[in-house]
Amino acid sequence: MRYKEYKIYTGGILENTQQEINDLIKRRYEELDELKAMNIETFAYKFDVDSYSTEIKSDFEKYEQKDVAVAGRLMAIRKMGKASFVQMQDTKGRIQAYIRKDDVGEDVYKAFKLMDIGDIVGVKGYVFKTKMGEISVHAKELVLLSKSLRPIPIAKEVVDANGNKKVFDQFSDIELRYRQRYVDLIVNPEIKDVFAKRSLIVRELRNFLDGRGYMEVETPVLQQMYGGANAKPFVTHHNALDIPFFLRIADELYLKRLIVGGFDGVYEIAKDFRNEGMDKTHSPEFTMMELYVAYKDYEWMMNTVEEMVEHVCMKVFGTTKFNIEGTEIDFKGPWQRVSMVDSIKEKSGVDIVTASIDELKTELKKHHVKLEGNENRGQLIDELFEAVVEADLVQPTFLYDYPIEISPLAKKHKDKEGLVERFEGFVMGREICNAFSELNDPIDQRERLEAQSRNKEAGDEEAQQVDEDYLRAMEYGLPPTAGLGIGIDRLVMLLTNQSSIRDVVLFPHMKPETK
RNA sequence: GGGCGCGUAGCUCAGUGGUAGAGCAUCUGCCUUUUAAGCAGAGGGUCGGUGGUUCGAGACCACCCGCGCUCACCA
C-alpha cells in the first residue's frame, strides 16, 4: 500500500503527532497557525448562502450587478499580485470569484494569500462578467469557512468552444477513488450524477409502489434463522441473549408473514448481506427491493414489473431508451417472454422436460461447463440455461417456468410437471429481477425446506434452513401471493451505464489499508 | 482460489543493470479583469514491502501486501 506514516516535529501543532504527513501537509498546518495568529477564524460556524454557481451562470441577466453570497471549495487560485481570481466549487458546479485587495481590504487579502486550493470559503459580492467573458462574483467580502489541511489531487480543466471539458492529470487511481470517495466526489464531480440518479431511481420505485397502495415496512436485519434465498450468511453475536444472529440474506420470509397477517401489499427496500465473493456484480451488502401482493400470481407480476420499470425510466430519465455499453436498450413494455424450456430447446435442441440426467450432463460437457458431480436435475437445467441462453437475452426479457429443485419457495406450476411459476427478468444478459407465484401450501413448503435441509447436510453451504416459525405462519393460511425481488444496485448499473457495482455504491468494501 | 497486468514526488506519468526525472501542485519574488494565467528561481522520494542475484537493482529473481482485468465460485 502507498499509505505512509511519518513522525515529525515542527515545533508547532504537529509536535509528537503520529499521522500521515508530508511537506505539503506540514505547510498547511503552518498556514493554519499563521491564520490563527492573525485572528482569522479557520473553522467557521455558518455562512448564509443565497446563490449557487450554475444558477448565477445560467441566469446571468437576472444576477448581473446583484449582490450574492456563495460558498464553496477553492479549486483554482490565480494570483496576480494585488488581485486574484479563484474558482469556487459548490454543490452544483463552479463559479469564478474576483478577489481584489482594494475591495476586500489589506488584512483579508493578506489572509487570502495563506489560503489554498481545497479550502472552503464564503464570498459576498456582485455578479459581473470579466473582459474575457467569464461570469464571476466580484468579492466585497471573503471569509475562510474551513481550512483544508490536506492537498487535494487537483486536476486542471479547460472547456473548449463547444463546451467539451478536457481534464488534465485527472485523479484516476481506482483504488484511491474508492478508498477516499470523498476526494473522488470533490475532484470528479460528474460521478455525483450517478448517485443522484440512484437516489431518484429509488424514490420513483417508492412513488410507484406507494401509488399502488402498497405499504413500505421494515423487517429484521438480525435474524436467528436466515432464509428466503440460497446464500452463505454473515454471523454475529448478541451479547445479552448470548446467541448468534445472522444478517439477513433476504426479506422474503418476513414479508410473507405480513401477508399472512393481513397486509395485502407490502414492500421493503433494504440491504441484504451475503458472505460471498466480490466482483463487478457482487457486493457483500447490497440493496434489494422486495414486493409481495396478495391474490396475484406471477403473470400479473410480469405486467407490474414492466409498468414499474417504465415508470422509473420515464420519471428519472424521461425515456425508456438507453444506450448501455454501446447497445440500444428499450425498457418499454411489453417485454419479450420466453419459457426456460423453449429457450433452451431453441438454443441447444435439448428438451429439458424429457431429457435424462445423463443427456443434460452430455450437453453441458459440449459447452465446457464444469460440474461437481452431485448436481440435481434442476441445477443441471439452470447450468444449461446459463451456458446457452442467458448471454443472448439482451433486450428486456422475462424467462419463465423454472425447475422446482432450484426454487424452494415458488408454487408448483399449475400444469407443468417439475416446474414452478417463477420468472426472472434479463437485460444485457444480466438478471435484474426474480419473481414467482409464492408457494402457499404449508405441507409442500415443509417438504421443500426439508429437501433443502438434506442438501445442506450433504454439504450444500447455501441450502436453506427449515424455518419452523415460517411454516407455522403458513399453516395459519397464506393467500395466493405474487412476490418480486429487484436488485437495486444492478438496476442502477444498467440505467446509469456503469459496468461495476462499485461505481453505483458510494463506499464499496475494500481490503484493509495496511500501514 | 487460478492466470495475466499494475504499484516511482500530493496528482498524472516517463525511466530495459551504472549519480531518481517531467508536467501540474507546493514554496520565494514580480504582477489589480486572469483562466491549463504568465515570468524568474527553489524545495519535495523508504521507487508498495521483505529477502536474494550482482562490483552495482527503481529495473532481474523469490515471497508477501494492495489494486485492476479475467476464469472459477456465486445472486
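Note that this is a predicted model, so its numbers are computed, not measured. Proteins get letters first, then strands, A, B, ... in listed order; numbering begins at 1 in each. Below, each value reflects all heavy atoms present in this structure, side chains not excepted, and no hydrogens, waters or symmetry copies.
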Among [options], which nucleotide has an atom closest to any side-chain atom of [X]?
X        : options             : answer
A/Val158 : B/G68, B/U12, B/A36 : B/A36
A/Asp279 : B/A72, B/C31, B/C24 : B/A72
A/Ile117 : B/U34, B/U33, B/U26 : B/U26
A/Ile154 : B/C11, B/C27, B/A25 : B/A25
A/Asp116 : B/G66, B/U34, B/C27 : B/C27

Testing A/Lys147, A/Arg73, A/Lys113 for salt bridge (charged side-chain N to carboxylate O under 4.0 Å, His left out) with A/Asp119, which one passes?
->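 With A/Asp119 as partner, salt bridge (charged side-chain N to carboxylate O under 4.0 Å, His left out) holds for just one option, A/Lys147.
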Scan [X] against the nucleic acid and name what it touches under 4.0 Å (heavy atoms): base, sugar-phosphate only, or nothing.
X        : result
A/Phe171 : sugar-phosphate
A/Glu276 : sugar-phosphate
A/Lys511 : sugar-phosphate
A/Arg502 : sugar-phosphate
A/Arg27  : sugar-phosphate
A/Ser172 : sugar-phosphate
A/Asp272 : nothing
A/Glu31  : sugar-phosphate
A/Lys232 : nothing
A/Glu157 : sugar-phosphate

Sticking with atom [atom1], work out how far [N] lies from [M], rounded to a whole angstrom.
N     : M     : atom1 : result
B/G10 : B/U26 : P     : 14 Å
B/C30 : B/C67 : C1'   : 45 Å
B/C61 : B/G23 : C1'   : 34 Å
B/G49 : B/A36 : C1'   : 37 Å
B/C71 : B/C24 : C1'   : 40 Å
B/G38 : B/U70 : P     : 40 Å
B/U28 : B/G66 : C1'   : 39 Å
B/U53 : B/C60 : C1'   : 8 Å

Who are the ring-ring contact (aromatic ring centres under 6.0 Å, His included) partners of A/Phe385, not counting sequence neighbours?
->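 So A/Phe385 forms a ring-ring contact (aromatic ring centres under 6.0 Å, His included) with A/Phe426.
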Report yes if the ring of A/Phe168 lies under 5.5 Å from the six-membered base ring of B/A36 with planes under 30°, and no otherwise.
->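 Aromatic stack with B/A36 present for A/Phe168.
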For the pair A/Phe398 and A/Trp335, name the ring-plane relationship: parallel under 30°, tilted 30 to 60°, perpendicular over 60°.
->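 Parallel.
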Quick one: sort the A/Tyr126 and A/His138 rings into parallel, tilted or perpendicular, breaks at 30° and 60°.
->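 If you compare the ring of A/Tyr126 with that of A/His138, the planes turn out parallel.
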Has the side chain of A/Tyr178 got a donor or acceptor atom that lies under 3.5 Å from a matching backbone atom of A/Asp173?
->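 No, A/Tyr178 side chain to A/Asp173 backbone: no donor-acceptor pair under 3.5 Å.
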Under the 3.5 angstrom rule, does the side chain of A/Lys232 hit a backbone N or O of A/Glu276 as a donor-acceptor pair?
->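 Here the side-chain-to-backbone pair does not exist.
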Establish, with yes or no, whether the OP1 or OP2 oxygen of [N] is under 4.0 angstrom from a side-chain nitrogen or oxygen of [X].
X        : N     : answer
A/Lys156 : B/A37 : yes
A/Lys79  : B/U34 : no
A/Arg179 : B/C67 : yes

Nearest-Å distance for atom pair [atom1]/[atom2], residues [X] and [N]:
X        : N     : atom1 : atom2 : answer
A/Asp382 : B/C73 : CG    : P     : 12 Å
A/Met80  : B/A37 : CE    : P     : 12 Å
A/Met510 : B/C67 : CE    : P     : 5 Å
A/Gln87  : B/A25 : CD    : P     : 14 Å
A/Leu24  : B/A9  : CG    : P     : 12 Å
A/Glu386 : B/A72 : CD    : P     : 10 Å
A/Arg78  : B/U35 : CZ    : P     : 8 Å
A/Tyr126 : B/U33 : OH    : C1'   : 10 Å

Suppose we define a pair by two distances each less than 3.5 Å, Watson-Crick or G-U wobble; what does [N] pair with here?
N     : result
B/C24 : B/G10
B/G38 : B/C30
B/C63 : B/G49
B/G1  : B/C71

Do the side chain of A/Glu134 and the base of B/U35 come within less than 3.5 angstrom through a donor-acceptor pair of N or O atoms?
->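 Answer yes: a donor N or O sits under 3.5 Å from an acceptor.
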Counting only distance, no hydrogens or angles, is the base of B/U26 paired donor-acceptor with the side chain of A/Asp23 under 3.5 Å?
->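 No pair found.
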Tell me which of A/Ser136 and A/Asn230 sits closer to the 5' end of RNA chain B, going by the nucleotide each one is nearest to.
->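 Counting from the 5' end, the first nearest nucleotide belongs to A/Ser136.
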Identify, between A/His509 and A/Ala229, the residue whose nearest nucleotide on RNA chain B lies closer to the 5' end.
->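 Taking each residue's closest nucleotide, the earlier one in sequence belongs to A/His509.
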Pair A/Asn230-A/Gln464, side-chain hydrogen bond (donor to acceptor under 3.5 Å, both in side chains): steps then yes or no | CA-CA 6 Å; A/Asn230 290 34; A/Gln464 302 195 26; 2.7 Å; yes
Cation over ring face, A/Lys411 and A/Tyr298, 6.0 Å, 45° =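 Output no; distance or angle outside limits.
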Side chains of A/Asp401 and A/Ser339, donor plus acceptor under 3.5 Å =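 There is no such pair between these side chains.
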